[in-house]
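First the structure, in the form of structure tokens, and then the observations on it.
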Amino acid sequence: MPRRPLVAGNWKMNGLLASLAEIAAMGAAYDDVLKEKAELIVCPPATLVGLAVELTARGAIGLGAQDCHPLASGAHTGDISAEMLKNAGASYVIVGHSERRADHAETDAIVQAKATAALRAGLTPIICVGETRAEREAGDALGVVGAQIEGSLPADAPGTIVVAYEPVWAIGTGLTPTLADVAQMHAFARERIEARLGGGKGATVRILYGGSVKPANARELMGVGNVDGALVGGASLTAKDFMAIADAYR
Ligand code: 13P
């Protein structure tokens with residue numbers, strides 16, 4: 001079974017009610033030709049997830065959230081569970097983004113617990129991994145990402161998971177790794193995912209590239225072996241740029 005490309009937009013802490021118009025415009029531009037070629041999802045802030053449901057269903061764009069708590073409910077002020085996101089209409093949730101690992105001291109074990117929670121709730125987790133600039137310069141990029149995959153993926157994933165490789169130094173900087181470095185990392189990640197999950201599942205998991213994906217570089221990045229789509233930050237905030245990136249698959 002060929003892997004269906006996935007182009008996912010991560011809005012991070014951006015988006016007010018007026019931004020729903022961008023999601024509506026994405027849905028309108030997601031025509032039958034593109035639907036044949038690639039799956040599209042947008043992950044707005046939690047405040048907009050419930051409101052985006054109707055818009056995304058109309059355009060057949062999928063909907064995701066950006067984080068979830070490991071538990072289903074309880075005394076955790078300010079947190080949101082995977083079950084709540086599912087109930088609000090999400091089908092994906094990003095876990096272990098480097099901004100959460102940094103801002104909220106999320107460890108691989110916490111990320112794994114969140115991914116497990118997502119699967120329990122019937123959501124597909126998009127599990128993020130990626131090295132810092134210092135780690136790449138020290139020659140540790142593969143080692144760091146390999147350890148993150150080992151520690152952040154549930155060993156027994158009963159449902160579909162997605163992995164996103166996002167070099168921290170490429171996020172929001174306009175910098176991207178060379179295509180050869182992307183190819184090497186994605187091939188390595190696929191091996192490590194298979195080592196973690198077993199049973200040939202490594203071949204089925206979609207591995208997204210994230211970090212300064214723009215309309216101008218999407219085609220070449222998406223053309224690299226073992227790159228099964230993109231996790232897009234800044235350029236996913238407008239329908240114009242996000243759809244121009246998705247058009248790499250047209
Ligand atoms: P940018 O596309 O803004 O570099 O962000 C990437 C990212 O972190 C997506 O999760």
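Every value quoted in this text rests on a predicted model; they were computed, and no experiment measured them. Count residues from 1 along the sequence. Both ligands and their constituent atoms are indexed starting at 1 by order of listing.
Side-chain contact of Glu166 with His97: a donor-acceptor pair under 3.5 Å is present, judged by distance alone.
The protein heavy atom nearest to atom 7 (C) of ligand 1 is Glu166 OE2, 3.1 Å. What sits closest to atom 5 (O) of ligand 1 on the protein, heavy atoms only, is Lys12 NZ, 3.2 Å. Among protein heavy atoms, atom 3 (O) of ligand 1 sits closest to Gly234 N, 2.8 Å. With respect to atom 2 (O) of ligand 1, the closest heavy atom belonging to the protein is Gly233 N, 2.9 Å.
Counting only distance, with no hydrogens or angles, the side chain of Arg3 and the backbone of Ala203 share a donor-acceptor pair below 3.5 Å. Listed for the Glu150 side chain is no donor-acceptor partner under 3.5 Å among the backbone atoms of Arg192. Under a 3.5 Å cut-off, the side chain of Gln66 and the backbone N or O of Val93 do not form any donor-acceptor pair. Looking only at distances, no side-chain donor or acceptor of His104 sits under 3.5 Å from a matching main-chain atom of Glu106. Glu135 contributes no side-chain N or O that, together with a main-chain N or O of Ala141, makes up a donor-acceptor pair within less than 3.5 Å.
When each atom of ligand 1 is checked for a heavy atom of Leu231 under 4.0 Å away, the hits are 9 (C), 10 (O). Every atom of ligand 1 with a heavy atom of His97 under 4.0 Å away is listed here by number and element: 7 (C), 8 (O), 9 (C), 10 (O). Atoms of ligand 1 lying under 4.0 Å from any heavy atom of Ser212, numbered from 1 in the order shown and given with element: 1 (P), 2 (O), 4 (O).
Where the criterion is an N or O separation shorter than 3.5 Å, residue side chain and backbone included, Gly172 meets it with respect to ligand 1. Taking any N or O of Asn10, backbone or side chain, at least one lies under 3.5 Å from an N or O belonging to ligand 1.
The shell of residues lying under 4.0 angstrom from ligand 1, judged by heavy atoms, excludes Ala235. Taking a 4.0 Å cut-off on heavy atoms, Gly210 fails to register as neighbouring ligand 1.
Between His186 and Tyr165, the two ring planes are perpendicular [angle over 60°; tilted spans 30° to 60°].
Remark: Asp108 engages Arg101 in a salt bridge, criterion side-chain N to carboxylate O under 4.0 Å.
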